[in-house]
Amino acid sequence: MHTLGRISTLRLLISIIIMGSVDISLPVLVDTKAVLSCSPILLTNVIITTWEIFLGDKPPCIRTQRRDTNRISKTNCTDKRMTWLNRPDQIPALQIDPVAITHEGHYRCIVAAHDGNFFYEYQLQVLVAPEVTLFQSENRTAVCKAVAGRPAARISWTPGGDCVPAYEYWSNGTVTVQSTCHWADGNVSIVSCSVFHETGNWSRSIELNPGVRTLAFPVSHLLIILYLKSSIFLVILIIVGIIYFQRINDCRLKML
Ligand SMILES: *[C@@H]1O[C@H](CO)[C@@H](O)[C@H](O)[C@H]1NC(C)=O
Ligand SMILES: *[C@@H]1O[C@H](CO)[C@@H](O)[C@H](O)[C@H]1NC(C)=O
Ligand SMILES: *[C@@H]1O[C@H](CO)[C@@H](O)[C@H](O)[C@H]1NC(C)=O
Ligand SMILES: *[C@@H]1O[C@H](CO)[C@@H](O)[C@H](O)[C@H]1NC(C)=O
Ligand SMILES: *[C@@H]1O[C@H](CO)[C@@H](O)[C@H](O)[C@H]1NC(C)=O
């Protein structure tokens with residue numbers, strides 16, 4: 001048995017025929033369950049199945065399973081969220097539950113069969129939906145935010161304004177995208193912000209203040225009114241004064 005196994009492995013190594021290689025980009029939502037199947041086709045004569053998992057700059061974790069020796073498997077993968085789905089007559093699939101941002105990386109399954117090798121590769125991309133908010137910050141200026149999304153969301157406005165974008169990168173790998181816009185044109189009243197993201201699209205609308213900001217309004221207004229009132233009062237005082245002095249002069253002239 002042992003020798004036979006060795007011979008077949010040797011034969012396989014000598015006559016490696018790459019049957020196929022598939023590279024799949026797999027986007028998955030954070031906190032959900034992901035199942036990575038090794039191959040959609042049923043392979044007979046499978047000798048060894050190997051999963052190689054490359055996450056960030058950490059050394060890869062590897063799991064191998066021999067078909068011919070009662071499915072004995074060896075692994076140095078320690079992540080409890082990763083489990084193996086063994087199904088009869090199928091190559092074991094990898095299950096990740098729940099998916100975290102740290103699971104983003106490269107997953108390679110190598111199937112060694114009597115008639116060749118088969119590579120199946122996944123590029124796992126972890127998506128996080130942003131939280132969308134829209135509010136008015138000051139005088140005819142609105143702020144649209146897509147908080148802690150992955151990858152970065154894209155923001156656009158209708159109608160277009162005078163906009164300034166800002167990005168904030170979090171240590172957990174998410175990004176907050178913010179767009180602050182100003183509309184000087186007084187007849188723009190309702191503005192909408194659209195957020196485009198891999199996890200979905202959102203749209204929010206807000207009505208802009210028609211004129212000057214309410215908080216700044218009363219103080220300046222009061223000052224203007226006070227100023228105008230005192231000016232009018234001064235003018236009246238001067239006129240009254242002029243009239244009074246003219247009358248006195250008239251009286252003096254009459255007396256003379
Ligand atoms: C797992 O084993 C492989 C090969 O035996 C080694 O290259 C790798 O560094 C190991 N990974 C960890 C996380 O220990
Ligand atoms: C990432 O970090 C940000 C800021 O601390 C937090 O708001 C967000 O919920 C985190 N997201 C995930 C998926 O951990
Ligand atoms: C409000 O916007 C108008 C028009 O752009 C500008 O003239 C005015 O100075 C702004 N006021 C404040 C308080 O920012
Ligand atoms: C804004 O108002 C002016 C004058 O009433 C008008 O000519 C202009 O077309 C308006 N702009 C928009 C975008 O409605
Ligand atoms: C979001 O909008 C883009 C561009 O209009 C579109 O291609 C995409 O399918 C939309 N995504 C979703 C989830 O609706």
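Whatever order the structure lists ligands and atoms in, that order sets their numbers, starting from 1. If you read the sequence from its start, that first residue is 1, and numbering goes on from there.
No donor-acceptor distance shorter than 3.5 angstrom exists from the side chain of R154 to the backbone of S194, with no hydrogens or angles considered.
Given atom 1 (C) of ligand 1, the protein heavy atom at minimum distance is N76 ND2, 1.4 Å. If you check which protein heavy atom lies closest to atom 7 (O) of ligand 2, you get A148 CB, 4.1 Å. Protein heavy atom closest to atom 13 (C) of ligand 2, with residue, atom name and distance, is I101 CD1, 3.9 Å. Scanning the protein for heavy atoms near atom 2 (O) of ligand 5, the closest one is N201 ND2, 2.2 Å. For atom 9 (O) of ligand 1, the closest non-hydrogen atom on the protein side is P59 CB, 3.4 Å. Atom 11 (N) of ligand 1 has P60 O, 2.8 Å as its closest protein atom, hydrogens excluded (heavy atom only).
Remark: ligand 2 atoms within the under-4.0 Å shell around heavy atoms of W170 are 4 (C). Of all atoms in ligand 5, numbered sequentially from 1 with element shown, those under 4.0 Å from a heavy atom of G200 are 13 (C). Which parts of ligand 1 touch I62 is read off a 4.0 Å heavy-atom cut-off, strictly below it: atoms 3 (C), 4 (C).
Inclusion of N172 in the set of residues having an N or O under 3.5 Å from an N or O of ligand 2 is warranted. Looking at H197 next to ligand 5, no N or O pair under 3.5 Å apart turns up.
For the residue pair H182/N139, the side-chain donor-acceptor check at 3.5 Å is not satisfied.
Annotation: side chain of V143 is not in contact with side chain of L134 (no heavy-atom distance under 4.5 Å).
To the nearest 0.5 Å, the span separating OG1 on T49 from CH2 on W84 amounts to 10.5 Å. Remark: Q178 CD to C163 SG distance equals 11.5 Å, nearest 0.5 Å.
The pair K145-E131 fails the salt-bridge criterion, with no side-chain N (NZ, NE, NH1 or NH2) lying under 4.0 Å from an Asp/Glu carboxylate O.
The minimum heavy-atom distance linking V99 with A34 is given by the pair CG2-CB, 3.7 Å.
Judged by the shortest distance from any of its heavy atoms, T174 lies inside the 4.0 Å radius around the atoms of ligand 2.
Protein heavy atoms are absent from the 4.0 Å sphere centred on atom 5 (O) of ligand 1.
Disulfide check for C181/C144 fails, with the SG atoms at least 2.5 Å apart.
Cation-pi geometry between R108 and W51 is not satisfied (NZ or CZ under 6.0 Å from the ring centre, within 45° of the ring normal).
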